[in-house]
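Numbers here simply count residues along the sequence, with the first being 1. Note that this is a predicted model, so its numbers are computed, not measured.
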Amino acid sequence: MPHSSTRQADEHQPGGHPGHGHGHHHGVMHGFVVRPYDLVVGGVLMRGTYAAIAELLATTMPTDGTVIDIGTGPGRVPVLVGRRRHDLEVIGIDPSADMLQRARKRAAGIANVAFVEAGSEDLPLESNSVDAVISSLSSHHWADVKAAVAEQTRVLKFGGRLWLIDMNRHIADDLRATVARAGLSLLDEPNPLPRGARRRFTVIAALKPG
C-alpha cells in the first residue's frame with residue numbers, strides 16, 4: 001500500500017504515547033484497560049454504531065480515496081471500512097501505542113489499512129490529502145479541541161467530508177461552532193447511526209468548501 005498521503009505511516013510519532021503504564025492518562029488509554037475496552041466498548045456497546053460508520057464511509061467515498069479515523073483505538077472502524085472497500089486507503093490514528101498494537105493485529109492481512117501513532121492536534125499527513133476524516137468517541141479526549149479541528153481541516157481535500165461523533169454527555173458545547181470557525185461548512189444530514197444510538201450520540205457533519 002503506497003500511503004501517498006502520509007509522511008510517515010505505520011511508525012511511532014513523537015509527542016504521542018507517553019510510555020507504557022496502566023490506565024487512561026491525559027486521554028491516552030494504555031496498559032491493562034486496552035483489552036477490556038476493545039471487547040466491551042468495541043465488541044458490544046459500539047458494534048452497531050461502528051458498522052453504521054463503516055457503511056457510511058463505504059457508500060460515500062470516491063474511488064481510490066483516503067480516509068482517516070481519528071482516535072481509532074483498537075482499529076475496528078478502519079478494518080470494517082478496509083474490508084468493504086479495497087480501493088480506499090484507510091489510516092487509523094491514535095496516540096496510544098498499546099491500542100495500535102491491538103489494531104495492527106486486527107488488521108493483519110488487510111493491505112489497504114495502516115495505523116499511525118499521533119495525537120489529533122499534530123497529524124503526520126500532507127495538507128489537502130484526505131477525502132474524509134471520521135472520529136467516534138474521540139473528541140472529548142482531545143487536549144486542544146480547537147487545534148485538533150484545525151489540523152483535521154488542514155489535511156482534508158477541498159470537497160472532503162468530516163464526521164465527528166461523540167456521546168451527548170461528552171461532546172463539547174461549542175464543537176459545532178469550532179468546526180464552522182475552522183472554515184468547514186456544517187451539513188444538515190440525517191443521522192446515519194442506528195436508531196438506538198441516535199438518542200445517545202451527536203453527529204456533526206461538515207464539508208471543506210472550495
- Could you pull out the closest heavy-atom pair between L186 and A180, with the gap in Å?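 Between these two residues, the closest heavy atoms are CD1-CB, 4.2 Å.
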Give a yes or no on whether the backbone of [Y] and the side-chain of [X] come within a donor-acceptor separation of less than 3.5 Å.
{"X": "N168", "Y": "T202", "answer": "yes"}
{"X": "E121", "Y": "A147", "answer": "no"}
{"X": "D131", "Y": "P62", "answer": "no"}
{"X": "R83", "Y": "I110", "answer": "no"}

- Step by step, would you call R161 with E189 a side chain to side chain contact (heavy atoms under 4.5 Å, CB included)? CA-CA 12 Å; R161 299 286 303 270; E189 297 181 330; 2.6 Å; yes
Side-chain contact test, heavy atoms from C-beta onward, threshold under 4.5 Å: evaluate it for [X] versus [Y] and give yes or no.
{"X": "R76", "Y": "R47", "result": "no"}
{"X": "V145", "Y": "D174", "result": "no"}
{"X": "I93", "Y": "T72", "result": "no"}
{"X": "N112", "Y": "E89", "result": "no"}
{"X": "I171", "Y": "I204", "result": "yes"}
{"X": "I134", "Y": "I68", "result": "no"}
{"X": "Q152", "Y": "L164", "result": "yes"}

- Message: Tell me whether the count of non-hydrogen atoms from other residues, nucleotides or ligands lying under 6.0 Å of NZ in K146 goes above 12.
- Response: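 12 or below, so no.
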- Pair D87-R85, salt bridge (charged side-chain N to carboxylate O under 4.0 Å, His left out): steps then yes or no: CA-CA 5 Å; D87 62 300; R85 289 280 303 274; 2.8 Å; yes
- Should side-chain heavy atoms under 4.5 Å link Ile, Leu, Val, Met, Phe, Trp and Tyr, which residues sit in the same cluster as L207?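 L207 clusters with L187.
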